[in-house]
Amino acid sequence: MTSAYVQKPLAAALMAALVLAGAGACRAVPAADAAIETERDTAELTGSAWKVTAMGAVAVVSGREPTLAFGPGGRLTGSGGCNRLFGDFTQDGAKLTVTALGATKMMCSPPALMAQERALFDRLSGITELAFDEGAGTLTIVSESGAAFQAERIVAATGADPELLTGAAWIVEDINRGGVIDNSRLTLTFAADGRVSGSTNCNAFSGVYSADETTVTFAPLAITERACAAPAMAQQEQRYMAALSGERTWKLTTTGALELTGPAGQHLLLRR
């Protein structure tokens, strides 16, 4: 009787020791380390800008690629390639939620551009999954329906090669920090041969420019003389043309926008 009584506590003690040893073996990845691994698997979108390069079966129009900029305070801005887009976003690890997604309502040509914008908005709305490839600088966003698009990071450049100005048209988002009129489209295109052209939404303009790593200088621009549909449009045109006069400092922001500033506080913000 005595022997049996002694063996039971001993067996219990041995089992407790084995459980403790096993518990110690299971602590190979502490909770803090697991959190670190999760952070490594995702990246913070805030402060980044992206250019869409592929959308599955939907063709991306060369020179009119959509762009996305994830700003502070959860503000999303960008372009579908024709219209400006805007909305709010939240990120929870590899999940992105976009709400209040809206856009200007310009008719776009060619039709492929409209198809591109519709596909982008469909893929971006609601809750999506993110996949980053930091080595390649690419981002994949997959919608709830499984449709996806890929984008490449836009890298900011200050004091950079002025050839970065050339190529696709820049779309004006702001004039002198007062915004632009809804559904108006003001553009600016720098050609590699030193010519510049664009639209005020009422009239077309053209001329010549010169640029170095920090400044761009506009010679007097020629503009057509079509009357604007509303006085507010005419006033906006005047502000825009005044901002494209003489020498301006230029830089590309961390979200891929082009900023032009003048000595008297003139300010243009443009984005592709």
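Asp88 meets the salt bridge (charged side-chain N to carboxylate O under 4.0 Å, His left out) test with Arg75; sequence neighbours excluded. Qualifying ring pair (Phe, Tyr, Trp, His ring centres under 6.0 Å) partners for Phe121, counting only residues two or more places apart in sequence or in other chains: none. Residues passing the ring pair (Phe, Tyr, Trp, His ring centres under 6.0 Å) test with Tyr240, sequence neighbours excluded: Phe205. With sequence neighbours left out, the side chain to side chain contact (heavy atoms under 4.5 Å, CB included) criterion links Ser48 to Leu45, Trp50, Phe70, Arg153. Residues satisfying the side chain to side chain contact (heavy atoms under 4.5 Å, CB included) criterion with Asn203, sequence neighbours excluded, are Thr200, Ile223, Thr224, Arg226, Glu237. With sequence neighbours left out, Thr215 forms a side chain to side chain donor-acceptor pair (under 3.5 Å) with Asp212. Take Ala69 and apply the side chain to side chain contact (heavy atoms under 4.5 Å, CB included) test, not counting sequence neighbours, and it matches Ala49, Thr77, Thr255, Arg271. The side chain to side chain contact (heavy atoms under 4.5 Å, CB included) search around Ala136 returns Asp133, Thr138, not counting sequence neighbours.
Once rounded to the nearest 0.5 Å, the distance linking CD of Glu129 with CG of Leu96 reads 9.5 Å. In this structure, CZ in Arg123 is found 11.5 Å from CD1 in Ile141, a value given to the nearest 0.5 Å. Here CG of Leu164 is found 10.0 Å from CG of Leu258. Values are rounded to the nearest 0.5 Å. Going from atom CD of Glu213 over to atom NZ of Lys251 covers 16.0 Å, rounded to the nearest 0.5 Å. To the nearest 0.5 Å, atoms CG (Asn83) and CD1 (Ile171) are separated by 9.5 Å. With rounding to the nearest 0.5 angstrom, the CG atom of Leu269 is 6.5 Å from the OG1 atom of Thr253.
Met114 is not connected to Leu101 by any chain of hydrophobic side-chain contacts under 4.5 Å among Ile, Leu, Val, Met, Phe, Trp and Tyr, and they are in different clusters. Phe218 is connected to Met241 through a chain of hydrophobic side-chain contacts under 4.5 Å among Ile, Leu, Val, Met, Phe, Trp and Tyr, so both are in one cluster. Under the 4.5 Å side-chain contact rule for hydrophobic residues, Phe89 and Phe86 do not share a cluster.
Applying side chain to side chain contact (heavy atoms under 4.5 Å, CB included) to Phe149 and the options Leu68, Thr140, Leu139, Asp122 leaves one that passes, Leu68. Only one option out of Val58, Val60, Val52 pairs with Leu120 in a side chain to side chain contact (heavy atoms under 4.5 Å, CB included); it is Val52.
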Candidate pair Leu270 and Leu260, rule side-chain contact (heavy atoms from CB on, under 4.5 Å), full reasoning
CA-CA 8 Å; Leu270 310 94; Leu260 298 177; 4.2 Å; yes
Does the side-chain contact (heavy atoms from CB on, under 4.5 Å) test come out yes or no for Thr189 and Ser197, once each step is laid out?
CA-CA 5 Å; Thr189 302; Ser197 59; 4.0 Å; yes
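With contacts defined as side-chain heavy-atom distances shorter than 4.5 Å, the pair Leu252/Ile154 does not qualify. Put simply, the side chain of Gln266 reaches to within 4.5 Å of the side chain of Asn176, judged on heavy atoms. The closest side-chain heavy-atom distance from Val208 to Val196 is not below 4.5 Å. Contact annotation: the side chain of Phe190 approaches that of Val216 to within less than 4.5 Å [non-hydrogen atoms, C-beta and beyond]. Annotation: side chain of Lys51 is not in contact with side chain of Pro66 (no heavy-atom distance under 4.5 Å). Using a 4.5 Å heavy-atom cutoff, the side chains of Leu268 and Leu244 are in contact. Looking only at side-chain heavy atoms (C-beta outward), Thr217 and Tyr209 stay at 4.5 Å or farther from each other. Contact check for Leu85 versus Leu76: side-chain heavy atoms found under the 4.5 Å cut-off.
Through direct or relayed side-chain contacts under 4.5 Å between Ile, Leu, Val, Met, Phe, Trp and Tyr, Met233 connects to Ile181. Val142 belongs to no hydrophobic cluster, as no Ile, Leu, Val, Met, Phe, Trp or Tyr side chain comes under 4.5 Å of its own.
Counting only residues at least two apart or in different chains, disulfide (SG to SG under 2.5 Å) contacts with residues 200-254 comprise Cys202-Cys228. Evaluation of the disulfide (SG to SG under 2.5 Å) test over residues 71-116, restricted to residues two or more places apart or in two chains, returns Cys82-Cys108.
Gln236 approaches Ser184 most closely through the heavy-atom pair NE2-OG, 3.3 Å. Closest non-hydrogen pair, Pro263 versus Arg248, comes out as CD-NH1, 3.8 Å.
Asn201 places a side-chain N or O within donor-acceptor distance of the main-chain N or O of Arg185, the cut-off being under 3.5 Å. With Trp170 contributing its side chain and Leu165 its backbone, the two residues share a donor-acceptor pair below 3.5 Å. No donor-acceptor pair under 3.5 Å is formed between the side chain of Gln91 and the backbone N or O of Thr97. Side-chain N or O atoms of Asp92 include none that pairs as donor or acceptor with a backbone N or O of Lys95 at under 3.5 Å. A donor-acceptor contact shorter than 3.5 Å is absent between the side chain of Ser79 and the backbone of Thr67. Using modelled atom types, no side-chain atom of Arg177 and backbone atom of Asp174 make a donor-acceptor pair closer than 3.5 Å. Remark: side-chain polar atoms of Gln116 are paired, donor with acceptor, to backbone N or O of Arg64 under 3.5 angstrom.
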